[in-house]
Protein chains: 2
Amino acid sequence: MSETIPVSTPRRQQIIATAREILEEDGPSALTMRAVADRLGIRAPSLYKHIPDKDALEHGLIEVAFDELGDAFEAARASQTDLLVAMAQAYRRFGLEHPHLYRLMTEHKLDRSRIRPGAEERAARLSIASFGGSQDTARALWAFAHGMVILELNERFPADAELDLAWQRGLAAFRTLMEKDT
Amino acid sequence: MSETIPVSTPRRQQIIATAREILEEDGPSALTMRAVADRLGIRAPSLYKHIPDKDALEHGLIEVAFDELGDAFEAARASQTDLLVAMAQAYRRFGLEHPHLYRLMTEHKLDRSRIRPGAEERAARLSIASFGGSQDTARALWAFAHGMVILELNERFPADAELDLAWQRGLAAFRTLMEKDT
DNA sequence: GTCTATATCAAGATAGAC
DNA sequence: GTCTATCTTGATATAGAC
């Protein structure tokens with residue numbers, strides 16, 4: 001017999017915000033129910049009156065992340081600089097400024113039934129709609145951007161690699177392609 | 001007072017091979033010292049006579065993975081088809097055929113002091129030397145390939161996405177660029 | 001909505017005997 | 001080289017009182 005827990009309450013939002021602080025500051029291994037409770041000044045079991053389980057907590061974080069990435073994309077679209085460059089910069093900046101959050105939202109399969117419908121779609125739509133390329137090209141471009149961000153986060157490029165230049169080369173490649181695309 | 005354990009013994013290789021089976025079959029959460037020992041018919045503590053700790057075991061797996069990826073690149077270079085396409089196919093195939101191994105070797109920072117010097121370099125050298133592009137372009141291309149593989153493994157593309165086409169678009173983009181490169 | 005107490009589980013690793 | 005026994009740690013989650 002499982003209790004029904006409302007999806008959105010102030011306390012729940014507070015728990016997710018606290019979880020986010022811990023994740024961003026100390027990484028995923030520090031994100032435990034106990035750590036969240038400690039920071040809120042309560043005991044871990046009390047959390048379960050507000051949120052069903054840890055998985056729900058993580059999906060709450062993913063939801064927030066998609067919302068903020070969407071916000072970043074909207075701001076980039078409004079900027080006056082080259083659109084492709086502006087969107088790429090927004091994406092890269094988000095990843096570098098929120099590495100643990102970025103990993104959380106990209107490193108695993110996503111159970112879309114556990115996040116608010118539309119959260120992911122909005123970010124995807126904003127990123128794709130800006131370009132003239134085909135869907136296939138948009139997917140390839142996303143793969144490039146994700147690869148650049150995650151390999152940088154994982155420190156896989158040589159320490160002296162000029163990643164700004166690698167971004168430029170990649171974007172130049174796709175720009176050429178999209179001008180030829182539908 | 002720590003015991004010195006030889007880096008390469010038959011038993012050690014056997015342990016790593018067993019660990020690989022478990023990782024590939026059942027994923028990282030199944031890869032425990034106990035599971036490895038069970039499959040070998042011994043007790044977990046006995047493993048520590050042959051390998052220092054679990055981290056060493058994982059780095060042994062990463063080493064094997066780089067060696068095999070290097071082999072795949074060599075085979076691709078010898079093929080008669082378009083080089084860029086052949087290398088990309090080899091990379092993608094490796095990732096899809098060994099998803100857990102691929103994740104293990106790419107998802108984290110790499111402590112290069114714990115793998116055999118040259119293992120990573122060989123794979124990198126084989127992949128880069130084939131192209132005429134700049135280093136920056138090579139890095140962008142790697143990011144594209146990694147992004148395509150890991151997003152496919154994480155099922156992030158729509159189920160009906162035609163990933164062959166996305167690969168084609170991305171490779172076409174980089175090909176155009178490299179023809180203009182140094 | 002919070003608490004205490006507890007169930008449950010599982011991991012990596014060491015000591016010391018044989 | 002393998003064993004048994006054990007240490008140490010830490011996690012998610014539930015029951016039931018207040």
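In what follows, every chain begins at residue 1, and chains take the letters A, B, ... in the order their sequences are listed.
Annotation: ring pair (Phe, Tyr, Trp, His ring centres under 6.0 Å) contacts involving residues 96-115 of chain B, sequence neighbours excluded, comprise B:Tyr91-B:Tyr102, B:Phe94-B:His98, B:Tyr102-B:His146. Among pairs with a residue in residues 31-65 of chain A, none fulfils ring pair (Phe, Tyr, Trp, His ring centres under 6.0 Å), at least two apart in sequence or across chains. For residues 90-105 of chain A, every residue pair satisfying the salt bridge (Lys or Arg N to Asp or Glu O under 4.0 Å) rule, not counting sequence neighbours, is listed here: A:Arg92-A:Glu152, A:Arg92-A:Asp164, A:Arg103-A:Glu107. Within the structure, salt bridge (Lys or Arg N to Asp or Glu O under 4.0 Å) pairs that include any residue of residues 123-133 of chain A do not occur (at least two apart or interchain).
The side-chain contact (heavy atoms from CB on, under 4.5 Å) test applied to B:Pro10 returns no partner, not counting sequence neighbours. For A:Ala30, the side-chain contact (heavy atoms from CB on, under 4.5 Å) partners at least two apart in sequence or on another chain are A:Ile22, A:Asp26. Take A:Glu121 and apply the side-chain contact (heavy atoms from CB on, under 4.5 Å) test, not counting sequence neighbours, and it matches no residue.
Near DNA chain D, meaning a heavy atom under 4.0 Å from it, residues 101-114 of chain A has no residue at all.
Bounding nucleotides for the chain B contact on DNA chain D, 5' to 3', at a heavy-atom distance below 4.0 Å, are D:dG1 to D:dA5.
Taking five base pairs at each end of the helix from C:dG1-D:dC18 to C:dC18-D:dG1 and finding the rotation axis that steps the C1' atoms of four pairs onto the next four gives two axes whose angle is 0°, to the nearest 10°.
Between A:Met87 and A:Ser127, some side-chain heavy-atom pair lies under the 4.5 Å cut-off. The closest side-chain heavy-atom distance from B:Arg156 to A:Trp142 is below 4.5 Å.
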Under 3.5 Å, sequence neighbours excluded: what are the donor-acceptor pairs made by side chains of residues 31-45 of chain B?
{"from": "B:Thr32", "atom 1": "OG1", "to": "B:Ala35", "atom 2": "N", "distance (Å)": "3.0"}
{"from": "B:Arg39", "atom 1": "NH1", "to": "B:Glu21", "atom 2": "OE1", "distance (Å)": "3.0"}
{"from": "B:Arg39", "atom 1": "NH1", "to": "B:Glu25", "atom 2": "OE1", "distance (Å)": "3.4"}
{"from": "B:Arg39", "atom 1": "NH1", "to": "B:Glu25", "atom 2": "OE2", "distance (Å)": "3.4"}
{"from": "B:Arg39", "atom 1": "NH2", "to": "B:Glu25", "atom 2": "OE1", "distance (Å)": "3.0"}

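Here the CG atom belonging to A:Asn154 is positioned 7.5 Å from the OG1 atom belonging to B:Thr106, to the nearest 0.5 angstrom.
Between B:Ala140 and A:Met148, the closest heavy-atom pair is CA-SD, 4.2 Å.
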| task | Summarise how protein sits on nucleotides 4-14 of chain C as a single string, 5' to 3': B when a protein heavy atom is under 4.0 Å from the base, S for sugar-phosphate-only contact, - for no contact. | result | BB-----SSBB
